[in-house]
Structures are given as structure tokens and as C-alpha cells.
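Some notes on the structure that comes next.
Side-chain atoms are counted along with the backbone in the values below, which use heavy atoms only and exclude waters and symmetry mates. Just so it is clear, the structure is predicted and the values come from calculations on it, not from any experiment.
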Amino acid sequence: SVEKCMTLAKNTEERGRPDLAEAAYHRAARLRAESDIKQGRRPDIDYHLIGLKNCSTLIIEEIGVEAEVYSHRTLSYKGSEIYITPLEEQLVNAGHPRKSVVGRWVVKETGELLNDLYEATYGAKDS
């Protein structure tokens with residue numbers, strides 16, 4: 001179960017086995033995604049599951065914004081940990097057009113569009 005995987009991850013991390021913790025986090029993310037898909041909803045993004053690592057840089061070149069992957073689910077932006085949706089809202093509220101923010105994140109190291117990585121991992125959005 002997701003809960004057992006998370007417990008295993010926490011315990012192995014505390015015991016100095018980040019390799020096992022990472023595998024347990026990965027399995028928990030897969031189980032959550034499978035459950036979400038079965039229920040007909042799009043899974044929340046998990047940066048590690050789609051192939052990114054902590055400190056991978058995401059950019060929106062058009063508006064000059066950068067954020068780093070901080071954890072499986074969060075980013076680091078201007079020294080704060082934040083989920084991507086509230087970050088996008090923050091950028092829109094700061095005056096950037098929504099069309100210049102949402103869906104525009106690119107992995108700086110590879111040039112890949114974050115949405116493409118998401119769809120490769122979880123499947124394309126049904127129309």
C-alpha cells in the first residue's frame with residue numbers, strides 16, 4: 001500500500017539507506033498514480049517519477065523564471081518550497097499572462113517540456 005511504502009521510505013531514510021527510500025517513494029507514487037487513473041482523475045505530478053531529480057531546474061524562458069525540484073512533489077522558488085499550481089498562480093497574480101505561465105515549464109538541463117514528461121509517464125489527457 002501507499003502507506004506501507006511511505007513508512008518504509010521514512011524508516012530506510014532514517015537508517016541511512018537513501019537508495020531503498022527512493023525505491024519506496026517511487027513505488028508509493030506509482031500506486032497513487034494507478035489509483036488516480038482508475039478513479040478517472042489525472043495524477044498529481046511526481047517529479048522523481050517522471051525522471052527528474054532534486055535540484056533539476058525548471059524554467060519558463062519567456063518570462064525569465066526558474067525553479068528547482070525540491071522533492072517528489074514540490075519546487076524551490078526564491079528560497080521557498082511550493083507546489084507548481086500555487087507557484088503558477090503567484091506568477092499570474094504578479095502580472096504574467098496565464099498563457100505565458102501554465103504549460104510553459106521546460107527542464108533546463110534537457111530542453112524537455114514538463115508537460116511532455118508528464119504525459120509520457122501518466123498518459124495523454126483524454127479530450
Side-chain angles (χ1 to χ4, degrees):
S1 71
V2 172
E3 294 78 18
K4 287 182 181 179
C5 287
M6 295 303 288
T7 299
L8 176 63
K10 183 176 181 259
N11 289 340
T12 55
E13 211 165 42
E14 288 173 357
R15 288 175 176 79
R17 290 296 309 269
D19 56 326
L20 293 177
E22 182 66 24
Y25 283 129
H26 190 84
R27 178 71 178 139
R30 275 268 174 230
L31 291 171
R32 273 193 301 274
E34 288 169 7
S35 175
D36 289 345
I37 291 167
K38 283 180 187 173
Q39 294 174 25
R41 74 179 281 280
R42 300 287 284 160
D44 294 327
I45 194 166
D46 183 299
Y47 301 107
H48 295 183
L49 195 60
I50 67 170
L52 301 178
K53 302 284 184 207
N54 290 352
C55 298
S56 294
T57 304
L58 299 177
I59 60 170
I60 304 175
E61 238 178 282
E62 183 179 332
I63 62 172
V65 172
E66 288 191 7
E68 286 188 347
V69 173
Y70 185 78
S71 73
H72 286 265
R73 297 262 307 110
T74 60
L75 300 172
S76 176
Y77 178 70
K78 293 187 176 181
S80 296
E81 183 179 9
I82 190 167
Y83 291 97
I84 195 167
T85 302
L87 173 54
E88 290 175 339
E89 286 302 315
Q90 186 178 27
L91 294 170
V92 170
N93 291 339
H96 298 289
R98 182 169 294 281
K99 67 180 182 176
S100 297
V101 174
V102 178
R104 300 293 188 173
W105 295 100
V106 173
V107 180
K108 185 176 186 177
E109 296 83 1
T110 65
E112 295 171 285
L113 191 63
L114 186 63
N115 284 354
D116 290 346
L117 293 173
Y118 179 96
E119 289 190 359
T121 301
Y122 301 111
K125 186 176 185 176
D126 293 334
S127 299

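Screening residues 75-85 for side-chain hydrogen bond (donor to acceptor under 3.5 Å, both in side chains), with sequence neighbours left out, gives Thr74-Glu81. For residues 46-58, no pair satisfies salt bridge (Lys or Arg N to Asp or Glu O under 4.0 Å), with sequence neighbours left out.
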Query - Leu20/Leu8 under side-chain contact (heavy atoms from CB on, under 4.5 Å): CA gap, chis, key distance, verdict - result: CA-CA 8 Å; Leu20 293 177; Leu8 176 63; over 6 Å; no
Requested in this report: Assess whether side-chain contact (heavy atoms from CB on, under 4.5 Å) is satisfied between Asn11 and Glu14, documenting all intermediate values.
Outcome: CA-CA 5 Å; Asn11 289 340; Glu14 288 173 357; 4.1 Å; yes
Report task. Could you please spell out the steps behind the side-chain contact (heavy atoms from CB on, under 4.5 Å) verdict for Val107 and Thr57? Result -> CA-CA 6 Å; Val107 180; Thr57 304; over 6 Å; no
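The side-chain hydrogen bond (donor to acceptor under 3.5 Å, both in side chains) check on Thr7 picks up nothing, with sequence neighbours excluded. Residues that satisfy the salt bridge (Lys or Arg N to Asp or Glu O under 4.0 Å) test with Arg17, not counting sequence neighbours, are Asp19. Partners of Glu89 under the salt bridge (Lys or Arg N to Asp or Glu O under 4.0 Å) rule, at least two apart in sequence or in another chain, are Arg98. Scanning for side-chain hydrogen bond (donor to acceptor under 3.5 Å, both in side chains) contacts around Glu66 gives Lys108, with sequence neighbours left out. Qualifying ring-ring contact (aromatic ring centres under 6.0 Å, His included) partners for Tyr70, counting only residues two or more places apart in sequence or in other chains: none. Partners of Arg32 by salt bridge (Lys or Arg N to Asp or Glu O under 4.0 Å), not counting sequence neighbours: none found. In terms of the side-chain hydrogen bond (donor to acceptor under 3.5 Å, both in side chains) criterion, Glu68 has no residue partners (sequence neighbours excluded). Applying the salt bridge (Lys or Arg N to Asp or Glu O under 4.0 Å) rule to Lys4 yields no partners; only residues at least two apart in sequence or on another chain are considered.
Counting heavy atoms of neighbouring residues, nucleotides and ligands inside a 6.0 Å radius, atom CD of Glu61 does not exceed 12 of them.
For the pair Arg73 and Ile45, the minimum side-chain heavy-atom distance is below 4.5 Å. In this structure, the side chains of His48 and Val69 come closer than 4.5 Å at one or more pairs of heavy atoms. Contact of the Leu58 side chain with the Leu75 side chain is registered, since non-hydrogen atoms from C-beta on lie closer than 4.5 Å.
Going from atom OH of Tyr47 over to atom OG1 of Thr121 covers 12.5 Å, rounded to the nearest 0.5 Å. From Gln90, atom CD reaches atom CD1 of Ile84 across 12.5 Å, with rounding to the nearest 0.5 Å. Remark: Trp105 CH2 to Ile60 CD1 distance equals 4.0 Å, nearest 0.5 Å.
By the 4.0 Å N-to-carboxylate-O rule, Lys38 lies too far from Glu34 to be salt-bridged with it.
The two atoms that bring Gly103 and Asn115 nearest to each other are CA-ND2, 3.3 Å, heavy atoms only. Ala21 approaches Ala9 most closely through the heavy-atom pair CB-O, 3.4 Å. The two atoms that bring Ala67 and Leu87 nearest to each other are CB-CD2, 4.1 Å, heavy atoms only.
With side-chain heavy atoms closer than 4.5 Å counting as contact, directly or through intermediates, the hydrophobic cluster containing Val2 also holds Met6, Tyr25, Leu31. Hydrophobic cluster of Leu113: the remaining members, joined at side-chain heavy-atom separations below 4.5 Å, are Ile59, Val106, listed by chain and number.
Counting only distance, with no hydrogens or angles, the side chain of Arg27 and the backbone of Ala23 share no donor-acceptor pair below 3.5 Å. Judged by distance alone, with hydrogens and angles left aside, the side-chain atoms of Ser56 form no donor-acceptor pair with the main-chain N or O of Leu52 at under 3.5 Å.
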